[in-house]
Amino acid sequence: MTAATPKGERRRQALVEAAAGLLVDGGFDAVRHRAVAERAGLPLASTTYYFDSLDELITAALEFHGDTELAYGKARLAELDPGECGGDAFIDLVLDLLLGPPAGDRDAEAVLLRYERLVATGRRPYLRPVMRRLSGQLHGLLVDIFGRAGRPVDRERVQELIALVDGSVVNALLEISPDPRAAARRMLAKAMQPR
């Protein structure tokens with residue numbers, strides 16, 4: 001259901017943001033009607049008032065989270081010093097878009113939760129349209145970043161680099177590495193060296 005009033009729209013948005021927070025913190029299993037309502041500070045019935053199903057709420061939460069990350073990436077790209085393009089700041093920006101911003105002492109857990117969420121998304125067909133849109137926009141943003149760095153690439157090369165980062169992270173997680181982001185950074189930096 002769409003909210004018909006500004007107050008209703010604020011409540012609906014609060015539910016979406018609460019669900020997105022739960023999704024990031026605990027994965028799909030953490031997104032439940034009661035948990036979302038409690039996190040949003042709203043009555044339990046509000047989730048079923050504004051959303052026809054839990055799947056609809058999860059879809060809205062995933063879309064909100066993805067759009068927020070894309071907006072963050074675009075803002076970072078706009079602020080990126082052209083003199084740093086091609087250096088550590090460039091590598092960090094690419095990794096932030098693929099792994100999420102660093103989460104301090106909880107970074108390895110945050111990266112693990114992100115990959116669990118990505119894998120679990122494949123088991124939810126209703127999320128595919130949103131994931132296709134977000135993935136296409138992410139690839140486009142990465143093409144822009146590489147172009148800004150003076151290293152123009154096509155979408156196929158972007159897919160190769162994403163696969164490299166994914167593989168590095170998964171291997172690091174399997175080896176119980178305390179820092180999968182560092183493993184991905186090493187591999188990405190090596191892959192970005194002139195051939």
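These values consider heavy atoms only, across backbone and side chains, with no hydrogens, waters or symmetry-generated copies. Along the sequence shown, residues are numbered consecutively beginning with 1.
- R157 has a carboxylate O that lies under 4.0 Å from a charged side-chain N of E160, or vice versa, which qualifies the two as a salt bridge.
- Remark: side-chain polar atoms of Q13 are not paired, donor with acceptor, to backbone N or O of E9 under 3.5 angstrom.
- In this structure, A37 and S46 approach most closely via the heavy-atom pair CB-OG, 4.5 Å.
- Rounding to the nearest 0.5 angstrom, the gap separating the CG atom in L62 from the CG atom in L127 is 5.5 Å.
- Residues satisfying the side-chain hydrogen bond (donor to acceptor under 3.5 Å, both in side chains) test with Y115, not counting sequence neighbours, are D166.
- Looking at D154 and V158, their side chains never come closer than 4.5 Å, going by heavy atoms from C-beta outward.
- Put simply, CZ on R76 and CG on L97 are 7.5 Å apart, with the number rounded to the nearest 0.5 Å.
- In terms of heavy-atom proximity, P129 sits nearest to P125 at CD-O, 3.9 Å.
- Atom CE of M192 is surrounded by more than 12 heavy atoms from other residues, nucleotides or ligands within 6.0 Å.
- Under the 4.5 Å side-chain heavy-atom criterion for Ile, Leu, Val, Met, Phe, Trp and Tyr, L112 and V119 are members of distinct hydrophobic clusters.
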Practice task
Evaluate side-chain contact (heavy atoms from CB on, under 4.5 Å) for R181 paired with D96, printing each intermediate quantity in order.
Solution key: CA-CA 9 Å; R181 185 181 301 269; D96 286 0; 3.5 Å; yes
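- Judged by distance alone, the side chain of T48 and the main-chain N or O of A45 form a donor-acceptor pair under 3.5 Å.
- Between E116 and L113, the closest side-chain pair of non-hydrogen atoms falls below 4.5 Å.
- Evaluation of the side chain to side chain donor-acceptor pair (under 3.5 Å) test over residues 58-68, restricted to residues two or more places apart or in two chains, returns E63-R133, H65-E69, D67-R133.
- More than 12 heavy atoms of other residues, nucleotides or ligands lie within 6.0 Å of CG in L174, so this atom counts as buried by the packing criterion.
- How far OG1 of T47 is from CZ of R12: 12.0 Å, rounded to the nearest 0.5 Å.
- A salt bridge links R106 to E109: at least one charged side-chain nitrogen sits closer than 4.0 Å to a carboxylate oxygen.
- Evaluation of the side-chain hydrogen bond (donor to acceptor under 3.5 Å, both in side chains) rule for N171 yields no partner, not counting sequence neighbours.
- Side-chain contact between I162 and L142: present, with at least one pair of heavy atoms (C-beta onward) separated by less than 4.5 Å.
- At a threshold of 4.5 Å between non-hydrogen side-chain atoms, the residues E38 and L44 do not count as touching.
- Checked against ring pair (Phe, Tyr, Trp, His ring centres under 6.0 Å), F64 has no partners two or more places apart in sequence or in another chain.
- Screening residues 117-129 for side chain to side chain donor-acceptor pair (under 3.5 Å), with sequence neighbours left out, gives D55-Y126.
- At least one side-chain heavy atom of L15 sits under 4.5 Å from a side-chain heavy atom of L42.
- Heavy atoms only, all atoms of each residue included: A191 and L164 are closest at CB-CD2, 3.4 Å.
- Scanning all heavy atoms of the two residues, the minimum distance from A110 to A103 falls at CB-CB, 4.0 Å.
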Using distance only, find each side-chain donor-acceptor pair of residues 18-25 under 3.5 Å and give its atom names and separation, not counting sequence neighbours.
| unit_1 | atom_1 | unit_2 | atom_2 | d |
| --- | --- | --- | --- | --- |
| D25 | OD2 | R39 | NH1 | 3.1 |
| D25 | OD2 | R39 | NH2 | 3.1 |

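- For the pair L173 and P180, the tightest heavy-atom approach, listed with the atom from each and the gap, is CD2-CG, 4.0 Å.
- Using a 4.5 Å cut-off on side-chain heavy atoms (C-beta onward), Y72 and P101 make contact.
- Side chains of L98 and V94 form a contact here, defined as non-hydrogen atoms less than 4.5 Å apart.
- Between D92 and R185, at least one side-chain N (NZ, or NE/NH1/NH2) sits under 4.0 Å from a carboxylate O, which counts as a salt bridge.
- Taking the side chain as every heavy atom from C-beta outward, F51 and V16 approach each other to under 4.5 Å.
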